[in-house]
There are 2 protein chains.
Amino acid sequence: MLTMASSTLLPLTDISACCSPITRETLDSEQAELLARKLKALADPARLRLISIVAASEDAEACVCDLTEPIGLSQPTVSHHLKLLTEAGYLTRSQRGNWAYYRLVPGALDSVAELLVTA
Amino acid sequence: MLTMASSTLLPLTDISACCSPITRETLDSEQAELLARKLKALADPARLRLISIVAASEDAEACVCDLTEPIGLSQPTVSHHLKLLTEAGYLTRSQRGNWAYYRLVPGALDSVAELLVTA
DNA sequence: GCGCTGTATTGACAATCTTCGATACAGCTC
DNA sequence: GAGCTGTATCGAAGATTGTCAATACAGCGC
């Protein structure tokens, strides 16, 4: 498919310019649901470290084989976390040969951060 | 007690100036654990809306009675979420008479947002 | 084709989370 | 004191989550 990650329910990627910081206007339940899902995707130590390691990697990308060992979890578990992060719009996946390379989606973390800021 | 919210395991409040953005340096597992817990406290639609409503309230504070109805959850559940948010360092509680007033901890959301930003 | 290597999916289990009703506690008023 | 009101805690039920071993799939080299 061409347009990726606009998965089952809601386009989880498009929080970007959707709303102002949560302390500026009161969230309706739909916005809250959306942001909660974005945050839930981040709210796991393994996934935070995955993001961190990907960002710090050569060329800002990493394959599953690079990630399994430093994370200290099984390969299926790492794949699972990477899938979650991808579906949540934080990572993209590109396969080259046998390897699946993941990289950060530019601005994805920032758009969430902007919603939390009180200024 | 005087110094509140420094609960059981780790001082959940003190992420503030603890580390640089997660995309700058790779997180060790302890930092990841800490940030994940902060994010998990936010990663719920009810709690996001609670924060949002408190921030928008008169004098930036609200009592449980003000929050139960707009959230649409039972009073015990709202109390539970407020306790979580307080323990996570996002809210403070102050009792005046029969009412418990909650308000935002200044800078708490911002310090988390700073850790997510890639710039 | 066959085997190998890297990754994804499946199925299961344990742990955690969200929610509620029932109940307990705290502080007011009379 | 007794009764009321606002809030917190308890206990339980249902849903979700994180993890793994086993297995399936995809793409390479021979």
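Chain naming here is simple, since letters A, B, ... match the order of the sequence lines and numbering starts at 1 in each.
The listed nucleotides are dT7(C), dG27(D), dG18(D); the one nearest the side chain of Leu84(A) is dG18(D). Distances from the side chain of Arg47(A) to the nucleotides dG18(D), dA26(C), dA26(D) place dG18(D) closest. Looking at the side chain of Cys63(B), the nearest of the listed nucleotides dT7(D), dA21(D), dC20(C) is dT7(D). The side chain of Lys40(A) approaches dT17(D) more closely than any other nucleotide in the set dC28(D), dC20(D), dT17(D). Here the side chain of Lys83(A) is nearest to one of dT7(C), dT18(C), dT9(C), namely dT9(C). Among dC20(C), dA8(C), dT18(C), the nucleotide with an atom closest to any side-chain atom of His80(B) is dT18(C). Nearest nucleotide to the side chain of Gln75(B), out of dA8(D), dT7(C), dT18(C): dA8(D). Residue Ser79(A) places its side chain closer to dT7(C) than to any other of dT9(D), dT7(D), dT7(C). Of the candidate nucleotides dT5(C), dG27(C), dA8(D), dA8(D) has the atom nearest to the side chain of Arg93(B). Across dA22(C), dT19(D), dT7(C), the shortest atom-to-atom separation from the side chain of Pro76(B) is found for dA22(C).
In this structure, the helix from dG1(C)-dC30(D) to dC30(C)-dG1(D) shows an angle of 20° between the axis at its start and the axis at its end, each fitted on 5 base pairs and rounded to 10°.
One atom, CG of Asp44(A), and another, C1' of dA15(C), lie 13 Å apart when rounded to the nearest Å. One can place CZ of Arg37(B) at 15 Å from C1' of dC17(C), the figure rounded to the nearest angstrom. What separates CD1 of Ile71(A) from P of dT7(C) is a distance of 14 Å, to the nearest Å. What separates CZ of Arg96(A) from C1' of dA26(D) is a distance of 16 Å, to the nearest Å. In this structure, CG of Asn98(B) is placed 8 Å from P of dG27(C), rounded to the nearest angstrom. Look at CG on Leu39(B): it is 17 Å from C1' on dG18(D), rounded to the nearest Å. Going from atom CG of Leu73(A) over to atom C1' of dT7(C) covers 16 Å, rounded to whole Å. Between the CG atom of Leu67(B) and the C1' atom of dA8(D) there is a distance of 15 Å, rounded to whole Å.
At the heavy-atom level, Tyr101(B) lies nowhere under 4.0 Å from the strands shown.
A cation-pi arrangement is absent between Lys83(B) and Tyr102(B), since the terminal nitrogen or guanidinium carbon is not both under 6.0 Å from the aromatic centre and inside a 45° cone about the axis.
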Only distances under 3.5 Å count here; give the side-chain donor-acceptor pairs of residues 53-60 of chain B to other protein atoms, sequence neighbours excluded, each with its distance to 0.1 Å.
residue  : atom : partner  : partner atom : Å
Ser57(B) : OG   : Ile53(B) : O            : 2.6

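Checking the phosphate oxygens (OP1, OP2) of dG6(C), no side-chain nitrogen or oxygen of Tyr102(A) falls inside 4.0 Å. Between Ser74(B) and the phosphate of dT19(C), there is no side-chain N or O to OP1/OP2 separation shorter than 4.0 Å. Within the 4.0 Å cut-off from OP1 or OP2 of dC17(C), not a single side-chain nitrogen or oxygen of His81(B) is found.
Counting Ile, Leu, Val, Met, Phe, Trp and Tyr side chains that sit under 4.5 Å apart, directly or through other members, Tyr101(A) shares a hydrophobic cluster with Trp99(A). In the hydrophobic clustering, where aliphatic and aromatic side chains (Ile, Leu, Val, Met, Phe, Trp, Tyr) are joined below 4.5 Å either directly or transitively, Val117(B) stands alone.
In the model, Ser79(B) has a side-chain atom that pairs as donor or acceptor with a side-chain atom of Gln75(B) under 3.5 Å.
Listed by chain and residue number, Asp110(A) satisfy the side chain to side chain donor-acceptor pair (under 3.5 Å) test with Thr118(B) (two or more places apart in sequence, or in another chain). Not counting sequence neighbours, the partners of Ser74(B) by the side chain to side chain donor-acceptor pair (under 3.5 Å) test are Thr77(B).
Each of Leu82(A), Leu84(A), Leu50(A), Val105(A) was checked for a side chain to side chain contact (heavy atoms under 4.5 Å, CB included) with Leu91(A), and the lone residue meeting it is Leu82(A).
Not a single donor-acceptor pair, N or O on each side, falls under 3.5 Å between the base of dA26(D) and the side chain of Gln95(A).
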